[in-house]
Amino acid sequence: MERIPILKMGQFLLVTIQVDLYDRLALDLEADLINAVEKNAAKGVLIDISAVSIVDSFMGRILGNIANMSRLLDAQTVVVGIQPAVAITLVELGLPLTGVRTALNVERGMELLNSLITFDDTTEEWDDDTDNDH
Amino acid sequence: MTTLQKSGTMIPITITKETVLVVKEQDVVPLRNTVKQCAVKIKMGLVNQTKLITAASELVRNMLRYAKGGAVLVETVSVGRNQGVKLTFQDDGPGIADINQAMQDGFSTGNSLGLGLPGTKRLVNEFDIKSTVGSGTTVTIIKWVNG
Ligand SMILES: Nc1ncnc2c1ncn2[C@@H]1O[C@H](COP(=O)(O)OP(=O)(O)OP(=O)(O)O)[C@@H](O)[C@H]1O
Ligand SMILES: [Mg+2]
């Protein structure tokens with residue numbers, strides 16, 4: 001069965017979404033990621049969607065779910081590489097992406113994750129800065 | 001039957017048309033591709049393409065979820081010099097009793113965010129929904145290249 005690969009990098013998990021996901025694949029990814037966070041006691045999840053050309057409400061909800069569930073397992077989630085056209089569309093659609101942190105690219109996302117786990121107790125103060133990236 | 005329209009004053013001329021059936025979630029990706037091909041053919045910009053395909057994705061999702069699928073008519077159309085992609089989503093599902101309510105941000109009978117219909121309307125240039133309880137729903141949208 002087709003699956004999105006999850007790479008382990010130190011305390012982080014890295015997922016690069018290369019195809020436009022259909023629902024089953026997205027739901028599998030959600031389940032696989034949560035299991036991987038648990039199994040590896042991961043501190044962070046980085047999801048690279050730079051190759052994704054369409055994010056609709058379903059896909060947005062999956063990203064939100066991953067972020068919220070990971071948080072319950074003490075891991076931070078950062079979504080990176082949102083294409084400008086996708087960002088514009090998400091805002092007009094009205095999808096809030098609540099609780100999903102974003103960064104411009106993988107490098108910045110890694111920096112953000114590192115800072116989030118280093119300054120765990122100041123996490124809340126980072127919220128506003130990162131959400132306004134796009 | 002109840003109706004709600006956004007814009008829609010001129011009657012566009014159809015240039016090409018194609019029907020895509022959507023009965024399972026795997027049919028969504030081919031539909032998106034068909035819509036994209038049309039948009040590219042008439043040289044629609046990337047942002048408008050993205051808005052159009054996202055709108056199509058929302059509507060097809062509704063069709064699958066509430067009406068067990070349906071048919072999508074994909075057309076390239078023109079009015080004067082302006083070209084666009086027109087999509088008609090037709091299903092034989094339960095219909096919508098109160099369209100004004102369904103069009104509100106946050107209204108959902110599916111325990112969801114309720115932003116598919118109102119969000120779609122914001123993403124396109126023309127939006128028309130007709131629904132009859134017990135016989136189905138038809139949603140028509142147009143995204144213009146320059147619009
Ligand atoms: N094709 C359809 N047939 C029957 N009912 C529909 C159809 N499309 C939408 N509806 C009704 O309209 C409501 C609003 O639809 P809308 O897409 O805005 O929100 P949603 O699907 O509930 O949530 P979201 O799209 O945010 O996941 C739905 O909950 C459903 O009751
Ligand atoms: Mg919907």
Side-chain angles (χ1 to χ4, degrees), chain A residues 1-4 16-32 48-69 79-100 102 104 131 133-134, chain B residues 6 22-37 39-40 44-66 69 89 103-108 110-125 127 141 143 147:
Chain A
M1 211 164 82
E2 200 182 351
R3 277 303 218 257
I4 311 279
T16 306
I17 301 178
Q18 302 275 19
V19 290
D20 279 328
L21 299 184
Y22 57 87
D23 300 6
R24 183 76 256 153
L25 209 55
L27 288 169
D28 285 345
L29 175 65
E30 179 183 302
D32 290 351
D48 180 5
I49 63 167
S50 56
V52 175
S53 56
I54 300 295
V55 177
D56 64 5
S57 64
F58 181 84
M59 184 64 196
R61 199 144 45 225
I62 297 270
L63 294 174
N65 287 349
I66 290 171
N68 290 328
M69 292 196 250
V79 173
V80 304
I82 298 180
Q83 292 178 12
V86 170
I88 293 167
T89 301
L90 280 175
V91 170
E92 212 159 287
L93 184 63
L95 197 72
L97 281 187
T98 320
V100 181
T102 56
L104 205 55
D131 284 347
D133 262 351
H134 295 282
Chain B
K6 166 182 180 175
V22 179
V23 290
K24 54 185 192 304
E25 72 176 48
Q26 286 92 328
D27 298 338
V28 174
V29 175
L31 172 76
R32 283 181 181 175
N33 292 340
T34 305
V35 174
K36 175 153 184 126
Q37 278 161 21
V40 168
M44 187 180 286
L46 184 61
V47 172
N48 280 348
Q49 270 183 47
T50 306
K51 289 181 181 180
L52 171 69
I53 299 166
T54 306
S57 203
E58 294 297 331
L59 293 176
V60 85
R61 220 172 261 302
N62 280 352
M63 225 165 64
L64 284 167
R65 183 162 180 181
Y66 303 109
F89 299 78
M103 288 304 299
Q104 275 165 29
D105 270 309
F107 176 82
S108 175
N111 188 26
S112 194
L113 294 177
L115 54 78
L117 288 177
T120 295
K121 190 176 166 203
R122 287 189 287 268
L123 290 172
V124 298
N125 302 115
F127 181 98
I141 59 174
K143 189 79 189 166

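Below, read A as the first sequence line, B as the second, and so on, with proteins coming before strands; counting in each chain starts at 1.
- Contacts between B:Val28 and chain A at a heavy-atom distance below 4.5 Å are absent for every atom of the residue.
- A:Leu90 does not touch chain B: none of its heavy atoms, backbone or side chain, sits under 4.5 Å away.
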Scan chain A against chain B and return every donor-acceptor pair whose distance is under 3.5 Å.
residue	atom	partner	partner atom	Å
A:Asp23	OD1	B:Arg61	NH1	3.0
A:Asp23	OD1	B:Arg61	NH2	3.2
A:Asp23	OD2	B:Arg61	NH1	2.5
A:Arg24	N	B:Glu25	OE2	2.6
A:Asp56	OD2	B:Ser57	OG	2.7
A:Asp56	OD2	B:Arg61	NE	3.0
A:Asp56	OD2	B:Arg61	NH2	2.7
A:Ser57	N	B:Glu58	OE2	2.5
A:Ser57	OG	B:Glu58	OE1	2.8
A:Ser57	OG	B:Glu58	OE2	2.9
A:Arg61	NH1	B:Ser112	OG	3.0
A:Arg61	NH2	B:Ser112	OG	3.3
A:Glu92	O	B:Arg122	NE	2.8
A:Glu92	OE1	B:Lys51	NZ	3.2
A:Glu92	OE2	B:Lys51	NZ	3.4
A:Leu93	O	B:Arg122	NH2	2.8

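- One finds the CG atom of B:Leu52 at 8.5 Å from the CD1 atom of A:Ile54 (value rounded to the nearest 0.5 Å).
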